[in-house]
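Take a look at the structure set out below.
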Amino acid sequence: MPARALGREAAALLGYVCVALVFAWPLPLRLADAMLGLPNGDAGVYVWNLWVFRHEIVANHRLPFLTSEILALSPPVPLALHNYTTFANILAFPLIPLFGVLKTFNVLVLASGVMSGYAMYFYARVRTGDAAAAWMGGLLFGFSPFMSARAAEHFSLTLAAPLPIFGYLTYRIFSRPSLGLACAAGATVAWAFLSDVYYAVYCLLWL
C-alpha cells in the first residue's frame with residue numbers, strides 16, 4: 001500500500017479512536033472501576049461472559065460452552081442458547097491476565113465502535129471512491145444513537161463490523177465471483193454469528 005494511502009487509513013482509524021473516547025467520556029479515565037451500564041443488568045452479564053469463557057478453559061480444562069458456575073450442584077449447564085459473544089470472549093482471552101476482566105471489557109466496548117466505524121468506512125470508500133464521505137458514513141454507522149445506547153446494555157449489538165465487511169465481500173462476489181471470496185463471505189457470517197446471532201441473520205437477508 002502506498003505511503004499516502006496508508007496514512008489515509010491510519011488517519012481514518014485514529015479519528016474513530018478519538019470519537020470513541022469522546023463518546024464514552026469519562027469512562028476512559030476509569031476503565032478498571034466503572035462501566036457504561038449497570039453491573040446488575042445485562043451489561044454485567046457480558047462482563048461475566050468474558051470471565052467464564054476463559055475460566056472454563058483455564059481452570060476447568062474444557063470447552064467453554066458448558067459451565068458449572070450457574071448451578072454448582074448440577075451437571076454443567078450448556079450455554080448454547082446464551083448470548084455468549086464468543087468473538088469478544090476470544091479477543092478478551094489474552095487480555096484478561098494483563099488488564100483484568102472489567103478493564104478488558106471496557107476496552108472491547110470502545111474498540112467495538114472503532115471496528116464497526118472503520119469497517120463501514122472501508123466498504124463505503126470502495127463503493128463511492130470518496131474517502132471523506134466514507135468516513136462520515138463510518139461515523140454514522142459505528143456511533144449512531146442505536147450503537148451508543150446498546151453499548152450501555154447490549155454489548156453484543158455493538159459488534160457490528162461483520163455487516164459492512166459482508167457487504168463488501170458480496171459486492172466483490174457479484175462483480176467477479178471466486179471460491180476465495182465465497183469462503184471469506186461464509187467466514188464473515190460465522191464471525192457475525194459469534195458476535196450476535198441477529199447479525200448472522202442480517203447477513204443472510206442481505207445475501
| request: Search all heavy atoms of L181 against all heavy atoms of R176 and return the closest pair with its distance. | output: CD1-O, 3.6 Å
| Going by heavy atoms in the side chains, are M35 and V47 under 4.5 Å from each other? | yes
| query | Would you say the side chain of P97 lies within less than 4.5 Å of the side chain of R54, judging by non-hydrogen atoms? | reply | yes
| field | Inter-residue atom distance I57.CD1 - F53.CZ, 0.5 Å rounding | value | 4.0 Å
| How close do V114 and F143 get, heavy atom to heavy atom, and via which atoms? | N-CZ, 4.0 Å
| Check: L27 and L36 side chains under 4.5 Å, non-hydrogen atoms | yes
| field | Over all atoms of both residues, closest heavy-atom pair of G37 and E153 | value | CA-OE2, 4.4 Å
| query | When rounded to the nearest 0.5 angstrom, what is the spacing between CE in M147 and CG in L140? | reply | 11.5 Å
| query | Would you find a donor on one side and an acceptor on the other, under 3.5 Å apart, between the side chain of N106 and the backbone of A34? | reply | yes
| Contact check, side chains of Y121 and Y16, non-hydrogen atoms, under 4.5 Å | yes
| So how far is it from M115 CE to L13 CG, rounded to the nearest 0.5 Å? | 11.0 Å
| From CG (L29) to CG (L21), nearest 0.5 Å | 9.5 Å
| Taking the side chain from W135 and the backbone from A12, do they hold a donor-acceptor pair closer than 3.5 Å? | yes
| query | Can you find a pair of side-chain heavy atoms, one from T67 and one from W48, that are under 4.5 Å apart? | reply | yes
Output a table of donor-acceptor pairs, distance under 3.5 Å, between side-chain atoms of residues 197-207 and any protein atom two or more places apart or on a different chain; print 'none' if there are none.
residue: Y199; atom: OH; partner: L157; partner atom: O; Å: 2.4

| message | Between W191 and I165, is there a side-chain heavy-atom distance shorter than 4.5 Å? | response | yes
| note | In short, A185 meets I173 closest at the heavy-atom pair CB-CD1, 3.9 Å
| said: Hydrophobic cluster membership, with links at side-chain heavy-atom distances under 4.5 Å among I/L/V/M/F/W/Y: are L163 and M136 in one? | reply: yes
| message | Quick one, H55 with N60, criterion side-chain contact (heavy atoms from CB on, under 4.5 Å). Give me CA distance, side-chain angles, the key distance, then yes/no. | response | CA-CA 7 Å; H55 175 77; N60 295 331; 3.9 Å; yes
| request: Applying side-chain hydrogen bond (donor to acceptor under 3.5 Å, both in side chains) between T158 and each of S148, S112, S116, S195, report the one that passes. | output: S112
| Distance in Å, F99 CZ paired with T104 OG1, rounded so as to fall on 0.5 Å steps | 6.5 Å
| request: Following the transitive rule for hydrophobic clusters with a side-chain heavy-atom cut-off under 4.5 Å over Ile, Leu, Val, Met, Phe, Trp and Tyr, establish whether L159 and L108 coincide in one cluster. | output: yes
Extract all donor-acceptor atom pairs below 3.5 Å that involve side chains of residues 83-96 and protein atoms in other chains or at least two apart in sequence.
residue: N83; atom: ND2; partner: Y46; partner atom: OH; Å: 3.0
residue: N83; atom: ND2; partner: S156; partner atom: OG; Å: 3.2
residue: Y84; atom: OH; partner: P64; partner atom: O; Å: 2.6
residue: T85; atom: OG1; partner: N49; partner atom: ND2; Å: 3.4
residue: T85; atom: OG1; partner: N89; partner atom: OD1; Å: 3.4
residue: N89; atom: ND2; partner: Y84; partner atom: O; Å: 2.6
residue: N89; atom: ND2; partner: T85; partner atom: O; Å: 3.3

| Closest non-hydrogen atom pair, A32 against L102 | O-CD2, 3.5 Å
| request: Show your working on side-chain contact (heavy atoms from CB on, under 4.5 Å) between M120 and L139 and close with a plain yes or no. | output: CA-CA 8 Å; M120 180 56 79; L139 177 67; over 6 Å; no
| query | Quick one: is the NZ or CZ of R127 closer than 6.0 Å to the six-membered ring centre of Y171, and within 45° of its axis? | reply | yes
| query | Which distance, rounded to the nearest 0.5 Å, do you find between the OG1 of T188 and the CZ of F193? | reply | 15.0 Å
| Same cluster (ILVMFWY, side-chain, under 4.5 Å), L194 and L50 | yes
| query | Which heavy-atom pair separates F105 from A43 by the least distance, and what is that distance? | reply | CZ-O, 4.2 Å
| query | Going by an N to O cut-off under 4.0 Å, is there a salt bridge joining R125 and E9? | reply | yes
